[in-house]
A.B. asks: 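I am attaching a structure below and will ask some questions about it afterwards.
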Amino acid sequence: MTSVAGPLNPFPPPQLRRPSSPPSTTHHRQHLFTLPTSSSSPQSPRNAPPAWRPKTRTTKPAKTAEEERKEEVNRKIASKKAISVILRREATKAVIEKKKGISSRRLLPRTVLEALHERITALRWESALTVFDLLREQLWYRPFAGVYIKLIVMLGKCKQPEKAHELFQLMIDEGCDVSRETFTALLSSYSRSGLFDEAFSLLEEMKNTHDCRPDVQTYSILVKSCLQLFAFDKVQVLLSDMESQGIKPNTVTYNTLIDAYGKAEMYAELESLLAKMLMRHHCQPDAWTMNSTMRAFGSSGQIELMEKCYEKFLAAGIQPTIRTFNILLDSYGKSENFGKMSAVMEYMQRYHYSWTSVTYNVVIDAFGKAGDLKQMEYLFRLMQSERIKPNCVTFCSLVRAYGRANKAEKIEAVLRFIKNSDVMLDRVFFNCLMDAYGRMERFDEMKEVLGFMERKGCEPDRITYRTMINAYSSAGMNRNVKEVKQLLRSLPRPNPYIVKS
C-alpha cells in the first residue's frame, strides 16, 4: 500500500493498536453490554504463509521417436476437437440470442446452462426466462428443481412474484418434488415485494406439509424482508412463532435484526437484542455483529460509544475486517475527526490491510466534504495507481465536492474521464451532477444533464426534478419552476413496497 501523503497522523490511537498480551476485562468500564473475553490474544491480520521449499527435480527417461510422433498426432487431433467445440459453442450462443432455426433443439447443454447462469447472476429476468424456455425445448432436457429454485430467487430479487408463482406451478406440473428450499424461494419472492399475506399464508402451508416445515433460514429470510419494509410488528410475530415452533434464531438472524435496528435508530432495541444474543451459547457474535453495531452508533455520530463497542469486541477475540475499518473511516469522516481518520489509514497500511474501492470512496468523500480538494485529488490519483477502478460512488463524491467549491472546469474534467472509461452511470450520479450545476447557477449545463440521462437510458426521478426546482427557485426563475413542477406531476407515484435488496 502506497503511503498517503499530507497531514496524516502516523500514530494510531490506543484503541486501534493490537495488544501484545491477552486483554484483561478488569480495567474495562462497564457499558451497554459485556462480551466474553477471549482466552488467547488476537491473531495477526495476516498469518504467515508456509515456508516455500523448492521441488526436487526428477529426471525422466528419454522418449523414443515413435512416442514423440504419437504425441504430436494426438496434439493435432485434440487441437482440431477443441476448435470444433469452440465453433459449436459460438453457433449455440448465436441461436440462443436469436432463438430460431431448425437446430435449436440440439444445442450444447453446457453452453445453454452457462447462458442461463449468466443471466440469472446479472438479474436479467426476461432474458433468463427466454433462455429457460429454450432449455426446456432441448431433446436432452430433464426437469431439475435446482434450476427452478435459482430462477424463483432471481425473480424475487427482481420484484416479479407473479412470474415466480408461475414457475413454481410449472415445476410441480413437470413432476419435480417440492422441498423446503422451493417453498422458501417462493416465500422470499412474495415478501421482497411486500406481499406479506401471501408470504404468511405460504408459511402456514409449509408447517402443514411433511418434510417442508420451515427452518431458521426460512424465518430469517422472512424477517429480513419485513425489516426492509420497517414492518417491525410482523418481525415480533415471527420471532414468537419461531419460539413456539422450537426454532432457535442463529447468528445470521440476530445480525439481520441488529443491522435493521441500527438503521432505524432503535438503539434501545439493539442493545436489548445484543444482550439476549450474548446469553445464548449457540450463537456468539462475529465480525458481522461487530460491524453492524459499530455502523449503527458511528453513522448517528455517537463516536465514543462506537469506540467502546470496538474495544469490547476486540477484547472478546473478534478480529476486525476491512469492512470494520471502512466503517471507522466513514464515521470519523462524517464527524470531521480527521486526526483519528488518518490514524486508521496509517494502521491499515502498517498491518497490510489492502484498501478496496469502498475504502477509497469513503476517504475521497470525507476530504471532499471538508473542502480539502488537494487531498481528495491525491487520493483519487492514488486509487488509480493502485489499479482500483473508480465507480459511480467515486465520481459522485468528486462532482459533489467540485460543485460546492464552484469548480466547473474540474467537473468537465471528470466527465471527460468518464467518457474515456467503461463506467456504468446511474441515476444517483446524474442527480449529483444536476445539483452541482444548480449550485453554480449553470442552468444551461443543468438542462443538458437531462439529455445526457436520456442518451444513457436513465430516466429522471423525483429527486432530479426537485433538484432543478430548488436551483431555479434560488435564482428566482419562477417560470422554469412551473415547467419542472409539471414534469414532476407527470411521474407515477412510487411503490412503497419496492425497496433495494
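Everything quoted here is computed from the prediction, not taken from an experiment.
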A.B. asks: Check the pair Leu186 / Leu167 against side-chain contact (heavy atoms from CB on, under 4.5 Å), numbers first and verdict last.
C.D. replies: CA-CA 9 Å; Leu186 183 60; Leu167 274 183; over 6 Å; no

A.B. asks: Is the number of heavy atoms from other residues, nucleotides or ligands within 6.0 Å of CD (Glu243) greater than 12?
C.D. replies: no

A.B. asks: So, for Tyr148 and Phe132, is the gap between ring centers shorter than 6.0 Å?
C.D. replies: yes

A.B. asks: Taking the side chain as every heavy atom from C-beta outward, state whether Arg136 and Pro143 have any pair of such atoms under 4.5 Å apart.
C.D. replies: no

A.B. asks: For the backbone of Thr356 and the side chain of Thr359, can you confirm whether one donor and one acceptor N or O come within less than 3.5 Å of each other?
C.D. replies: yes

A.B. asks: Determine the minimum heavy-atom distance between Cys226 and Val235, stating which atoms define it.
C.D. replies: CB-CG2, 3.7 Å

A.B. asks: Evaluate the side-chain contact (heavy atoms from CB on, under 4.5 Å) criterion for residues Leu488 and Leu491: first the C-alpha distance (whole Å), next the side-chain angles of each, then the deciding distance (0.1 Å), finally the verdict.
C.D. replies: CA-CA 6 Å; Leu488 180 60; Leu491 291 178; 4.2 Å; yes

A.B. asks: Quick check on Lys276: does its NZ atom have over 12 non-hydrogen neighbours (other residues, nucleotides or ligands) under 6.0 Å away?
C.D. replies: no

A.B. asks: Side chains of Met206 and Arg213: closer than 4.5 Å at any heavy-atom pair?
C.D. replies: no

A.B. asks: Once rounded to the nearest 0.5 Å, what's the spacing between atom OG1 of Thr394 and atom CE of Met383?
C.D. replies: 4.0 Å

A.B. asks: Can you confirm if the aromatic rings of Phe380 and Tyr360 lie within a centre distance of less than 6.0 Å?
C.D. replies: no

A.B. asks: Under 3.5 Å, is there a donor on one side chain and an acceptor on the other for Ser179 and Thr182?
C.D. replies: yes

A.B. asks: Atom OH in Tyr219, atom CG in Asp241: separation rounded to 0.5 Å?
C.D. replies: 3.5 Å

A.B. asks: Got a second to check how far Ser272's OG is from Met266's CE, nearest 0.5 Å?
C.D. replies: 10.5 Å

A.B. asks: Is there a donor-acceptor contact under 3.5 Å from the side chain of Thr111 to the main chain of Leu107?
C.D. replies: no

A.B. asks: Can you tell me if CD on Glu204 sees more than 12 non-hydrogen neighbours from other groups inside 6.0 Å?
C.D. replies: yes

A.B. asks: Examine Phe452 together with Phe429 and report whether their ring centres are nearer than 6.0 Å.
C.D. replies: no

A.B. asks: Kindly indicate whether the side chain of Trp355, heavy atoms from C-beta on, has any atom under 4.5 Å from the side chain of Asn326.
C.D. replies: no

A.B. asks: Heavy-atom count around Ile418 CD1 within 6.0 Å, excluding the residue itself: above 12?
C.D. replies: yes

A.B. asks: Taking atom CZ of Phe144 as the centre, does the number of heavy atoms from other residues, nucleotides or ligands within less than 6.0 Å exceed 12?
C.D. replies: no

A.B. asks: For a side chain to side chain donor-acceptor pair (under 3.5 Å) with Ser220, tell me which candidate from Asn255, Asp215, Thr184, Thr253 qualifies.
C.D. replies: Thr253

A.B. asks: Salt-bridge test for Arg295 and Asp259: reply yes if a basic N is under 4.0 Å from a carboxylate O, no otherwise.
C.D. replies: yes

A.B. asks: Determine yes or no for a side-chain-to-main-chain donor-acceptor pair under 3.5 angstrom, with Ser189 supplying the side chain and Ile152 the backbone.
C.D. replies: yes

A.B. asks: Find out whether Asp461 and Asn431 are in side-chain contact, i.e. whether some heavy atom of one side chain is under 4.5 Å from a heavy atom of the other.
C.D. replies: yes

A.B. asks: Count the heavy atoms of every other residue, nucleotide or ligand shown that sit under 6.0 Å from CD of Glu459, and state whether that count exceeds 12.
C.D. replies: no

A.B. asks: What is the minimum heavy-atom distance between Cys432 and Val399, and which atoms define it?
C.D. replies: O-CG1, 3.9 Å

A.B. asks: So which atom in Arg462 and which in Pro492 form the shortest heavy-atom distance, rounded to 0.1 Å?
C.D. replies: NH2-O, 3.3 Å

A.B. asks: Does the Ser201 side chain pair with the main chain of Asp197, one donor and one acceptor, at a distance under 3.5 Å?
C.D. replies: no

A.B. asks: What closest approach, in Å, do Arg180 and Cys212 show between heavy atoms, and which atom pair accounts for it?
C.D. replies: N-SG, 3.9 Å

A.B. asks: Okay, side chain of Ser385, backbone of Leu382: is any donor-acceptor separation there less than 3.5 Å?
C.D. replies: yes

A.B. asks: Please report the C-alpha distance between Ser397 and Asn361 in whole Å, then the side-chain angles of each, then the deciding distance to 0.1 Å, and finally whether the side-chain contact (heavy atoms from CB on, under 4.5 Å) criterion is met.
C.D. replies: CA-CA 8 Å; Ser397 300; Asn361 287 340; 5.7 Å; no

A.B. asks: Between the main-chain N or O of Arg124 and the side-chain N or O of Ser127, is there a donor-acceptor pair closer than 3.5 Å?
C.D. replies: no

A.B. asks: Tell me, which pairs form a salt bridge (Lys or Arg N to Asp or Glu O under 4.0 Å) where one or both residues lie in residues 225-236, sequence neighbours left out?
C.D. replies: none

A.B. asks: Could you walk me through whether Leu239 and Leu257 satisfy the side-chain contact (heavy atoms from CB on, under 4.5 Å) test, starting with their C-alpha distance in whole Å, then the side-chain angles of each, then the deciding distance to 0.1 Å, before giving a yes or no?
C.D. replies: CA-CA 11 Å; Leu239 293 177; Leu257 288 164; 4.2 Å; yes

A.B. asks: In Å and rounded to the nearest 0.5 Å, what is the CZ to SG distance from Arg427 to Cys458?
C.D. replies: 4.5 Å

A.B. asks: Is it the case that the side chain of Asn291 and the backbone of Ala287 share a donor-acceptor pair, with hydrogens and angles ignored and the cut-off at 3.5 Å?
C.D. replies: yes

A.B. asks: So that I can tick it off, tell me whether Lys308 and Glu311 are bridged by a salt bridge, with the cut-off set at under 4.0 angstrom between side-chain N and carboxylate O.
C.D. replies: no

A.B. asks: Hey, are the side chains of Leu187 and Glu198 touching, using non-hydrogen atoms and a 4.5 Å cut-off?
C.D. replies: no

A.B. asks: Tell me the closest heavy-atom pair linking Cys283 and Pro249, and the distance in Å.
C.D. replies: SG-O, 3.8 Å

A.B. asks: Distance check, rounded to the nearest 0.5 Å: Lys419 atom NZ versus Arg416 atom CZ?
C.D. replies: 10.0 Å

A.B. asks: With a 4.5 Å cut-off on side-chain heavy atoms, are Met290 and Cys309 touching?
C.D. replies: no

A.B. asks: Evaluate Phe395 against Phe417 for ring pair (Phe, Tyr, Trp, His ring centres under 6.0 Å), listing each step before the verdict.
C.D. replies: CA-CA 10 Å; Phe395 296 122; Phe417 184 95; 5.7 Å; yes

A.B. asks: Mind checking whether Phe313 and Thr293 have side chains closer than 4.5 Å, heavy atoms only?
C.D. replies: yes

A.B. asks: Scan for ring-ring contact (aromatic ring centres under 6.0 Å, His included) pairs involving residues 223-277, sequence neighbours excluded, and state none if there are none.
C.D. replies: Phe232-Tyr261, Tyr267-Phe297

A.B. asks: Return the minimal non-hydrogen interatomic distance between Ser331 and Ser299, and the atom names on each side.
C.D. replies: OG-N, 4.2 Å

A.B. asks: Does the side chain of Thr209 reach to within under 4.5 Å of the side chain of Glu205, using non-hydrogen atoms?
C.D. replies: yes

A.B. asks: Give a yes or no answer on whether the side chain of Trp125 reaches the backbone of Arg119 with a donor-acceptor pair at less than 3.5 Å.
C.D. replies: no

A.B. asks: Enter the distance from Ile120:CD1 to Leu129:CG here, rounded to the nearest 0.5 Å.
C.D. replies: 9.0 Å

